[in-house]
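A short write-up of the structure that comes next.
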2 protein chains.
Amino acid sequence: MALLDRTEPDEGETRSTRDLILDEAVRCFAERGYEGTSLNDIAAGVGIRRPSLLHHFASKETLYGELFERILSDWLERVNIAVALDASGWDKVELVLRAGFALFEDNPDYVRLMRREALDGGAHLGIDLASVLRPLFDAAAEYLRTQMEAGVLRQLDPRHLLITGYGAILTYFSDAPFVNGLIDDEALTPSNIREHADSVITFFRSALTP
Amino acid sequence: MALLDRTEPDEGETRSTRDLILDEAVRCFAERGYEGTSLNDIAAGVGIRRPSLLHHFASKETLYGELFERILSDWLERVNIAVALDASGWDKVELVLRAGFALFEDNPDYVRLMRREALDGGAHLGIDLASVLRPLFDAAAEYLRTQMEAGVLRQLDPRHLLITGYGAILTYFSDAPFVNGLIDDEALTPSNIREHADSVITFFRSALTP
DNA sequence: AACCCACTACCTACTGGTAGGTAGGCACCT
DNA sequence: AGGTGCCTACCTACCAGTAGGTAGTGGGTT
C-alpha cells in the first residue's frame with residue numbers, strides 16, 4: 001500500500017532503463033504469462049543482457065510484483081475518479097462502465113495480466129488480488145443495493161451482477177486474440193471497442209432500468 | 001519395487017494409465033498453465049516417471065493436443081444436444097445457457113483450460129480454437145437475429161451480445177479462485193453455482209425479453 | 001576518487017526428450 | 001511342460017538446452 005510513491009522523473013524525453021524494463025515486462029507477461037516469459041526475453045526487448053536487468057530488479061518475482069503493484073494503483077486511481085463523479089442511478093453505472101472501457105482500451109496488456117492473475121489465483125503475487133479489490137466490490141454492491149431498493153434500478157442480486165459485469169467487460173479485452181477469430185476482425189481497434197462498449201452498455205441498461 | 005506400489009488391485013472399474021495421465025494433465029494444465037506445468041509434475045501425480053509418461057504420449061505438445069481435442073469434442077457434443085432441443089424464443093436461450101452452466105459445473109478445469117487458450121490465442125495448439133467454434137457462434141448469432149427481427153427478443157447486436165454472454169458465464173468458473181475472495185465463499189459449490197446461474201439468467205431475461 | 005551501469009563468464013537447478021535395460025504377460029511352438 | 005520370441009509398461013541414467021541468479025570487470029560520469 002505504502003509503495004505507491006514512485007520516483008517518476010520521466011521528463012518526457014528519455015524513460016529510464018528501469019521504466020523501459022517495466023514496459024517491456026508488462027508486454028511480455030501479458031502476452032505469454034509469468035512462466036512463459038524468461039528474463040532473457042525481457043532484457044532482449046529492452047536491448048540489454050539479463051544480468052543488467054537483474055541489476056535493476058533483484059529477481060523475476062520482484063520485477064513482477066512491482067509491475068503489478070504499479071498497474072493496480074493506476075487502475076484503482078482511475079476507478080476512484082470515476083466513482084467520485086457526481087451522478088446517481090443508471091447514469092453512474094454507465095459512467096463507471098465507460099471509465100472501465102476507457103481504462104482497458106488505454107492498456108489492454110493490463111487486462112490480460114489481471115486475467116492471468118485471476119486465473120492463477122494470485123500465485124505469483126505476495127498480495128491477494130481479491131482482498132485489494134474487495135472494498136471497491138463491496139462499495140459497488142452497496143451502491144447498487146440502495147439504488148435497487150429505491151426503485152431506481154431493477155431488483156437483482158448486486159454481487160452476482162457485479163461478477164457478471166466484470167466478466168463481460170474484461171473478457172472482450174483479455175480474450176481479444178480469440179474474439180478476433182470469432183468476429184473476423186481486429187477486436188481492439190478504437191471503433192470496434194466503442195461498438196462493443198455501446199452494445200454492453202445498452203445491454204446493461206435494458207436489464208437494469210425498470 | 002517397494003518404492004511404488006503400482007499393483008493397484010483391479011477392483012472393478014480401473015482407468016488405464018493413459019487415461020490417468022490425461023486426467024492429471026487436465027488438472028495440472030488448468031491449474032498452472034502449459035508452461036507452468038512440467039511433465040514431471042504430471043508423471044508424479046500419476047505415480048510414474050516422466051519417461052514412462054512419454055511412452056504413452058510422444059511429447060508434451062502431443063499430450064496437450066490430444067487432451068484439448070478430447071475436451072473440445074465433449075464440449076461441442078453437449079452444446080449440440082442443447083441446441084437441438086425443441087424450443088424457441090427466450091426458452092431456447094435459457095436452455096442453452098443452462099446447458100452451458102451444467103457443462104462448466106461438471107468440468108471446471110475445462111473452463112480454465114479454455115480461458116488460458118483464449119488468452120494465449122491458441123499458441124500451444126495446432127488448431128485455431130476460434131475457427132472451430134465459429135460455426136456455432138454464427139448459428140447462434142443468426143438465431144438471435146431472426147428472433148429479434150420477429151420481435152420475440154429485444155433488438156440488440158447479436159454478435160456483441162454473444163461475446164458478452166460468453167464472457168459473463170465463462171468468467172465465474174475460470175476466475176473462481178478470484179471470485180472466492182470477492183464473495184468470501186467457495187464459488188464452485190453446487191448451491192453457489194445455481195445461485196449465480198439463476199442470477200445470470202434473470203439478468204439476461206430482463207435484458208432480452210421485450 | 002567513487003559511483004553507476006552494463007558487460008562477460010559462470011553457477012546450479014530443472015526442462016523436454018532419449019538410450020538402454022528389465023519384468024511380466026501372452027501366443028505359438030516342439 | 002518348457003522354451004522362444006514379441007509385446008507392453010515401466011525403470012535408471014543421461015543428454016543438450018535453458019531457466020534464474022551471482023561474481024567480477026571495466027568504461028563513463030561526476
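Order of the sequence lines sets the chain letters (A, B, ...), proteins ahead of strands, with each chain counted from 1.
When the side-chain nitrogen and oxygen atoms of A:Asn40 are compared with OP1 and OP2 of D:dG20, none of them lie within a distance under 4.0 Å. Contact annotation: B:Ser52 reaches the phosphate of D:dC11 (side-chain N/O to OP1 or OP2, under 4.0 Å). Regarding contacts with the backbone of D:dT8, every side-chain N or O of B:His56 stays at 4.0 angstrom or more from both OP1 and OP2. The phosphate of C:dA6 (OP1 or OP2) has no side-chain N or O of A:His55 nearer than 4.0 angstrom. Checking the phosphate oxygens (OP1, OP2) of D:dA9, no side-chain nitrogen or oxygen of B:Thr17 falls inside 4.0 Å.
The interatomic distance linking B:Arg49 (CZ) with C:dT22 (C1') rounds to 16 Å, in whole Å. Spacing between atom CG of A:Asp19 and atom C1' of C:dC5 amounts to 16 Å, rounded to whole angstrom units. Put simply, CG on A:Leu53 is 13 Å from P on D:dT22, counting in whole angstrom units. Whole-Å rounding puts the B:Leu54 CG to D:dC14 P distance at 19 Å. To the nearest angstrom, C1' of C:dT15 lies 15 Å from CG of B:Leu63. The distance between atom CD1 of A:Ile42 and atom P of D:dG20, rounded to the nearest whole Å, is 8 Å. Across the protein-nucleic acid pair, A:Arg32 atom CZ and D:dA19 atom C1' stand 14 Å apart, rounded to whole Å. A straight line from CD1 of A:Ile48 to C1' of C:dA6 spans 8 Å, rounded to a whole angstrom.
Side-chain proximity of A:Leu39 to the nucleotides D:dA23, D:dG20, C:dG17 is greatest for D:dG20.
For A:Arg159 (side chain) and A:Ala141 (main-chain N/O), no donor-acceptor pair under 3.5 Å exists by modelled atom type.
Residues B:Ile21 and B:Arg50 both approach DNA chain D. Their nearest nucleotides, taken by heavy-atom distance, put B:Ile21 toward the 5′ side.
B:Phe29 does not carry B:Lys60 over the face of its six-membered ring by the limits of under 6.0 Å from the centre and within 45° of the normal.
The aromatic rings of B:Trp75 and B:Phe104 lie perpendicular to each other, with more than 60° between the two planes, well past the 30° mark.
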Practice item. Kindly indicate, with the supporting measurements, whether the criterion salt bridge (charged side-chain N to carboxylate O under 4.0 Å, His left out) is fulfilled by A:Asp128 and A:Arg134. Key: CA-CA 10 Å; A:Asp128 176 20; A:Arg134 186 71 185 276; over 6 Å; no
Review point. Is there a ring-ring contact (aromatic ring centres under 6.0 Å, His included) between B:Phe68 and B:Tyr110 once you walk through the steps?
Key: CA-CA 9 Å; B:Phe68 207 89; B:Tyr110 290 13; 9.2 Å; no
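Residue B:Thr37 is in sugar-phosphate contact alone, with no base atom involved, counting any heavy-atom pair closer than 4.0 Å across all strands shown.
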